[in-house]
4 protein chains.
Amino acid sequence: MKYISLFFLCVLFVMPIHAQRPRARTVGIQMGSLPTGTYNAITDVPGVKVGHVTLIKGKGKLVVGKGPIRTGVTAIVPNSDVYENQLFAAAESLNGNGEMTGMAWVNERGLLEVPIVLTNTLSIGEGYSGVVAYMLKQSPNRVPLPVVAECYDGGLNDIAGRHVTPDHVVQAIETASSGPVAEGSVGAGTGMRAYEFKAGIGTASRILPNNHTVGVLVNANCGRRPNLMISGVAVGQALPKETPPPTRDGSIIVVIATDAPILPHQLRRLCKRAAFGITRTGTISRTSSGDFAIAFSTAQVIPRNRATQDSIVALRDNQLNDLFQATIEATEEAILNALFVAKPMTGRDDRTMPALPHDQTIAILRDYGRIK
Amino acid sequence: MKYISLFFLCVLFVMPIHAQRPRARTVGIQMGSLPTGTYNAITDVPGVKVGHVTLIKGKGKLVVGKGPIRTGVTAIVPNSDVYENQLFAAAESLNGNGEMTGMAWVNERGLLEVPIVLTNTLSIGEGYSGVVAYMLKQSPNRVPLPVVAECYDGGLNDIAGRHVTPDHVVQAIETASSGPVAEGSVGAGTGMRAYEFKAGIGTASRILPNNHTVGVLVNANCGRRPNLMISGVAVGQALPKETPPPTRDGSIIVVIATDAPILPHQLRRLCKRAAFGITRTGTISRTSSGDFAIAFSTAQVIPRNRATQDSIVALRDNQLNDLFQATIEATEEAILNALFVAKPMTGRDDRTMPALPHDQTIAILRDYGRIK
Amino acid sequence: MKYISLFFLCVLFVMPIHAQRPRARTVGIQMGSLPTGTYNAITDVPGVKVGHVTLIKGKGKLVVGKGPIRTGVTAIVPNSDVYENQLFAAAESLNGNGEMTGMAWVNERGLLEVPIVLTNTLSIGEGYSGVVAYMLKQSPNRVPLPVVAECYDGGLNDIAGRHVTPDHVVQAIETASSGPVAEGSVGAGTGMRAYEFKAGIGTASRILPNNHTVGVLVNANCGRRPNLMISGVAVGQALPKETPPPTRDGSIIVVIATDAPILPHQLRRLCKRAAFGITRTGTISRTSSGDFAIAFSTAQVIPRNRATQDSIVALRDNQLNDLFQATIEATEEAILNALFVAKPMTGRDDRTMPALPHDQTIAILRDYGRIK
Amino acid sequence: MKYISLFFLCVLFVMPIHAQRPRARTVGIQMGSLPTGTYNAITDVPGVKVGHVTLIKGKGKLVVGKGPIRTGVTAIVPNSDVYENQLFAAAESLNGNGEMTGMAWVNERGLLEVPIVLTNTLSIGEGYSGVVAYMLKQSPNRVPLPVVAECYDGGLNDIAGRHVTPDHVVQAIETASSGPVAEGSVGAGTGMRAYEFKAGIGTASRILPNNHTVGVLVNANCGRRPNLMISGVAVGQALPKETPPPTRDGSIIVVIATDAPILPHQLRRLCKRAAFGITRTGTISRTSSGDFAIAFSTAQVIPRNRATQDSIVALRDNQLNDLFQATIEATEEAILNALFVAKPMTGRDDRTMPALPHDQTIAILRDYGRIK
């Protein structure tokens, strides 16, 4: 009963996400040279779906357990039943001051068997339980090892109140859809900030010359304002100084999907390229940042059956440069999308995390000849 | 209310653990040459405590959510407040088909900031939530990244019923004590089996020539019967064949504590030696096994304050061989203790996991001249 | 001119290797349950060849640059031209106090492009140059990244005299052959010792139930006498105490070949199982030991051409347990073969490294019921 | 005799390095915010020395073994005798399609015991032998495990002729000096190119707020022209298109020195930040690139003696952000210094690798408001 009523409250407070601010590309920023997919989203990789559950409730002074609540869950669903139809995958800790569960399993087997779930730092447990609950709904004999990754949203959110429940996770998985992906303060990105601006979920995609697709989704919660770099311009330093609300150093999670047929050890190399895309937005990956990447390929299904071997197609290493380029470009763009789309948000103790000011940012980029 | 009543039921069903079967050393098995500590337990490392919550309830046919319940939680508490007084640490995936959360953080920072919690595979989420809950009880401003590791007890336990709650975890931490440690079917080891015999928690310790102590605690749930090796004798093959209840390949978690002052990169080397101790009991670390080790040193406290540096004493590499020897010996003995101490247990669907038969095992070891 | 005359001298001093002492299996020791291949050697994997160049010259007091020389080179040649026909591979540092060059390349690409060369610690440079020279002989456009691994033979050999030349390496590669493999004090094993007995090269193989083969070759130079374990019996402690010549802690290199079709991330798991085989002979992998493993699969050739993808067959993880078992058994047996086959050798400063005494060892194993 | 005459020839052909083109900072480019050290070089870290041996000889058509020769050796000498006075260190393969020997040892022990040597891909063997020779000159009892890293200079150099000798390596170590460091086509950088412009050795340094120094030296041989980014501007695309001589994808080696007292696991985190500095110059770290970083701290000497422990000071993680920032800035600047300082070079088959055109580059950066 408690959960049901909470759920209705949540729905009432879900932001009208389609009235979003324009994405980075829309305002004229160029990020790389490869063309984007239809939605410029991770869902451009056929079969990949994204689901958000956004929890926004209450305002004013922080009362642990009461709110204000500014958090949520985002699920990346790789195919219709990844537990039965496993995919090659790899994961990498870029700067491991955070958590992505399931990495040992993914890297030992080279497979992914679960939807990937993003949420806040103190809700990893509920995220984990939620994926288990989802799997047991499919069959009580399943023994999944979930992949749940976190960023810290305690600057705006009553994080110690732990308002994310396993039910929210199930809901995020079950309502995941293809097509356009809501960005900014939505799902796991609800309370996140990057470079001391409101940020959160961002996504982008690239089409390779060989027609394969790379899609990236991030939960962007990293960086300090003086480091913010857009198109190589130190925008964070050029913007007028403000005093943002206090916060801890954050993190970033990068999810990479591709339909290119590559092997686990090659997917791990994609993960490392996520750091390159992150870097292009300026952060030094501060010591307390939890920066993780996970990559999977939808090209080859490894069914959970008693077969003893699989016939596989694997791209040569000489084909990887385009995949690297795509991963870097899409990661950079996904982070900027999070910053451009997210609106200001007021959370705990009436702290307001400002949005990246479009007009001033564009003016700076024009000054530096990066937007015409 | 529900949890409280469940808690009382649990307490009622806790086994009388002190009526345990004799440990491996008691029956005359020799494991290595270094002397043991007072309790031959991880608690011989000063300050280290262990807490178990054992959940045993119901019998008969498996009804998911009802039982039978044969599971639990074990907490290894490194000092009185490890969040404020962090310790050098390292963790290693020996064969990563399982989960130990928190490894990325431990290895990135070289520190441990939480009690280590062991439980069953599908209760990692509750384990995580429980550590968070414990920490928030101390202060709502804490943002811990828990270390929770699992083994699969679904052969006996209604694992899909997920009967471990965060409260059980808090209880295991809060009731942790120094001194003798209950072994076998207790805490996280309640439903575990190794080499197709009932097993679970085991512990052992060694005193080094330099008077430092190494203590090991395992949750032993690995191996197939034909591989079981004791004192180098293939006991698993020499014992009469029986048909044990069906089970999946299991796992093993090894927790290593020492008061020797060593650095994180040296602690990681201890973790790798855990595999040597495991191997000596015969397993090949089967493909589906989730074998993890974590090691910490209590010698040097890194307080959570604003200091900019610490003065540290660090052992030379030339001192490590004794630490390696102690880790290997104590790991081997801890696994054997789990096997020797655990009593037969009947669980779901009236499956009974037999105990290692002491008399026959001793007879075999006598035949091979390993026990006088 | 200098090299040519040296070469003739070397040839004169090559030991009559076929008059070797019996192998471990011949004297009745059982190591595992899987059947061996025809030669019980790494060459049982079709296409794999082994070449040794053995350098034995001089006696008496050490004069650096003069001798006595007790060293050599061993080459493991995976197929007829591995540079053009690359194989899936992986390498792992088990305890990295030594050198195996080429590991970064092997693990980044998941491929092997060179014969694997073993030699002494101070001759890694010449080993590297030798592989480069061999490759440039095939074509001046090749740019190989050699895999050269070392153990320390300075207890018997004038190691600082660096008597291995690149020509010796070319010779070892070019004279590699299939069929039986000389063991003990031959090739890179010439000056090596293990457990304070003369040791060096050893090899063994296993046939899997699915008819695939696993072959292992080691250069065994690790361990202290009190740790020596054979069939689980502490033979090193049971043998009468002697004072062996002074030496430094040594190392072990393990080369694993298979014709089972497995992927790079799976081959890395085989490498980790090498540690299990090593452990079964008793060593704790001492802090100064350089223990490395490399594994390759001959099943799938990746030609060096402009193709963009390959069709591959890959075994499921459920097939790996037999490969693990075979790797562990063959590694253990290869080490014991090195110990059983090697004869006593006198080297620098008239130091004599004794051979493992067969009669006493067999008697001990009989006492413990391990040999009938 | 042969080597002596070659040596004189080499000396004759050494470029007048002090007539170098201006460094990146001199022409007005800003790279980060931290101040540089006295020389803006790795030698700003007290005690660190750099030595180059530059081999330039012959011209015209490639005749393997004759020339043209455009190669060399660079040695980074951490202190006056690092074998006896070891330093904390760590190494990391950023994209391992190349070679840095000694990494396993460095990471297992957390120490550096040798000068770091850079040379060309096919001369790793001679580099290794040279370090061994240097060490044996100090004492015939030394058993070093050299750190030698390579980049491919075969675009200009008769790389298959392997003109680097161990003597050159000894010379580079023995002539290493503090103070200003020659950059560009010098030492191991002689034949290198980056972004399809002549490049090679570059260096830079930063002074931290706590007065510690970070110094970086690179051998820059990576990237394709379209990727070249300076101050965030895609200079490589803005420059007029030319057809550079054919080449293979190259690599980059980054050596990081600091006098800040940090532990091995923290030094490894510095290594990872080298990738951030590299990325800022635009490369995607192409699949065939061999990108390696090694970092050492001069703050704490671990003598090679029989002591059993050391008293150490270690910076807290909260002090690392400045070290990260400094590493990233200095790596970026070192690469740009290599590009700005290197002059055009004509090598094998009369191929000319052009220098980065200063005037056009500055004009582009002015257009984009990055230089005033």
Heavy-atom side-chain contact between [X] and [Y] under 4.5 Å:
X	Y	result
C:Arg109	D:Ser288	yes
C:Tyr128	D:Glu99	yes
C:Leu136	D:Arg162	yes

Drop me the distance from C:Met100's CE to D:Met103's CE, to the nearest 0.5 angstrom.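 Between atom CE of C:Met100 and atom CE of D:Met103 there are 14.5 Å.
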Return the CD1 to CG distance between D:Ile159 and C:Asn141, rounded to the nearest 0.5 Å. 11.5 Å
Largest heavy-atom contact set with chain C, pairs under 4.5 Å, which of [options]:
options	result
D:Ala104, D:Gly161, D:Gly290, D:Ser123	D:Ala104
D:Gly98, D:Gly130, D:Gly127	D:Gly98
D:Pro146, D:Gly154, D:Ala133	D:Ala133

If every non-hydrogen atom of D:Pro140 is compared with every non-hydrogen atom of C:Ala160, which pair is closest and at what distance? O-CB, 3.6 Å
Nearest heavy-atom approach of C:Gly125 to D:Ser129 is CA-OG, 3.5 Å
[X] versus chain C, the contacting section by heavy-atom distance below 4.5 Å:
X	result
D:Ser93	side chain
D:Val64	side chain
D:Pro144	both
D:Leu145	side chain

Which one of C:Asn107, C:Thr121, C:Ile124 has the most heavy-atom pairs closer than 4.5 Å to chain D?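 When all of C:Asn107, C:Thr121, C:Ile124 are compared, C:Ile124 has the most.
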Side chain / backbone / both / neither for C:Leu122 at chain D, heavy atoms under 4.5 Å: both
